[in-house]
Structure formats: C-alpha cells, structure tokens
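What follows is a short report on a single structure.
Below, all heavy atoms of this structure are taken into account, side chains as well, without hydrogens, waters or symmetry copies.
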Amino acid sequence: QVQLVESGGGLVQAGGSLRLSCAASGRTFSRLNMGWFRQAPGKEREIVAAISWSGDNTYYRDSVKGRFTISRDNAKNTVYLEMNSLKPEDTAVYSCAAKADWWQAKNGNVYAYWGPGTQVPVSS
C-alpha cells in the first residue's frame with residue numbers, strides 16, 4: 001500500500017507561482033513512478049506531468065511545457081510540481097498518483113495509488 005498526501009495548493013493570481021508537494025509513505029518511494037493529474041470543474045481528469053522512479057524520464061502535457069516542472073526527492077519520499085506563469089485555465093484540483101512501472105505513464109487509469117488532491121484556483 002502507498003499513501004499519498006498533496007499540499008501547497010491555494011488561491012493564486014494569474015501570472016503567479018505555486019509549488020505543490022506530494023508526500024508518500026508505505027512503500028519504497030524510490031521505486032515508484034509518479035504523476036500529477038488535474039481535474040477542472042465539469043471536465044475530465046488530465047495528465048499534467050509524470051516522472052520515472054529515477055527521475056531520468058519526464059513527461060509534460062503541451063499546455064504546461066515551459067511553465068511547470070516536475071521533480072522528486074527520493075530521500076524525502078516527495079514529488080514536487082513547480083508551477084509558474086499560472087493561467088486561469090490551470091484552475092483545477094491537482095492530485096498526485098503512483099504506479100510501479102513507466103508503462104502508459106500518461107494514462108491515469110493505470111495508476112494504482114492516488115492522493116486526495118489539492119485545489120488550485122487561479123484568478124484572472
């Protein structure tokens with residue numbers, strides 16, 4: 001079992017920055033592949049970014065490339081999502097998720113473990 005807890009969300013103005021954290025416990029974090037997903041009101045969940053267990057592989061959806069950065073600290077069992085130049089369309093509940101392999105890292109349906117999520121409202 002893996003427990004995930006996100007933090008760092010909150011109201012931010014357009015153009016601002018936030019750093020989300022996802023703390024993991026229960027299973028060897030350093031062997032887990034991690035993803036950040038988001039779901040806006042009335043919309044489907046979508047991948048934001050993913051990072052492999054070693055950090056060697058990353059993925060970003062096109063709309064966040066150059067603005068968001070995913071990283072991890074295996075010594076602290078934590079994965080981060082640095083979000084800069086935020087836009088109102090980034091408004092969503094952001095959740096982290098974990099899976100054992102890198103296969104289909106963009107597909108939320110194959111992630112085994114999920115955190116409860118943290119809200120990120122971006123005002124215009």
Can you give the donor-acceptor pairs under 3.5 Å from side chains of residues 8-23 to other protein atoms, not counting sequence neighbours?
unit_1: Ser17; atom_1: OG; unit_2: Asn84; atom_2: OD1; d: 2.9

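- Checked against Arg38 for a salt bridge (Lys or Arg N to Asp or Glu O under 4.0 Å), the options Glu89, Glu46, Glu44 give a single hit: Glu46.
- With values rounded to the nearest 0.5 angstrom, Asn33 atom CG is found 6.5 Å from Trp102 atom CH2.
- Rounding to the nearest 0.5 Å gives a distance of 13.5 Å between CZ of Arg31 and CG of Asp101.
- Considering every non-hydrogen atom in both Pro88 and Ser124, the closest pair reads CG-CB, 3.8 Å.
- A cation-pi contact, defined as under 6.0 Å to the ring centre and within 45° of the axis, is absent between Arg61 and Phe68.
- Ile70 and Val120 end up in the same hydrophobic cluster when Ile, Leu, Val, Met, Phe, Trp and Tyr side chains are linked at under 4.5 Å.
- Checking side-chain atoms of Glu6 against main-chain N and O of Gly117 turns up a donor-acceptor pair under 3.5 Å.
- With hydrophobic clusters built from ILVMFWY side chains whose heavy atoms lie under 4.5 angstrom apart, Val48 does not share a cluster with Tyr80.
- By the rule that hydrophobic residues join a cluster once side-chain heavy atoms approach within less than 4.5 Å of another member, Leu86 and Trp36 end up as members of one cluster.
- A side-chain donor-acceptor contact under 3.5 Å links Asn74 to the backbone of Trp53.
- Summarising the geometry, atom OG belonging to Ser52 is positioned 11.0 Å from atom NZ belonging to Lys99; distances are rounded to the nearest 0.5 Å.
- Applying the ring pair (Phe, Tyr, Trp, His ring centres under 6.0 Å) test between Phe37 and each of Tyr59, Tyr94, Trp114 identifies Trp114 as the sole match.
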Discussion item. Would Lys76 and Phe29 count as a side-chain contact (heavy atoms from CB on, under 4.5 Å) here? Give the steps.
Written reply: CA-CA 9 Å; Lys76 295 183 178 180; Phe29 175 76; over 6 Å; no
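- We find the OG-CD distance between Ser95 and Gln39 to be 8.0 Å, quoted to the nearest 0.5 Å.
- In terms of heavy atoms, Ala49 sits closest to Leu81 at CB-CD1, 4.3 Å.
- The same ILVMFWY cluster, assembled from side-chain heavy atoms under 4.5 Å apart, contains both Trp103 and Ile47.
- Residues Val2 and Tyr111 are members of separate hydrophobic clusters, defined by side-chain heavy-atom contacts under 4.5 angstrom among Ile, Leu, Val, Met, Phe, Trp and Tyr.
- Lys87 has no carboxylate O lying under 4.0 Å from a charged side-chain N of Asp90, or vice versa, which leaves the two without a salt bridge.
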Worksheet item: Does the pair Asn109 and Arg45 meet the rule for a side-chain contact (heavy atoms from CB on, under 4.5 Å), with working shown?
Response: CA-CA 10 Å; Asn109 293 328; Arg45 182 181 61 199; 3.5 Å; yes
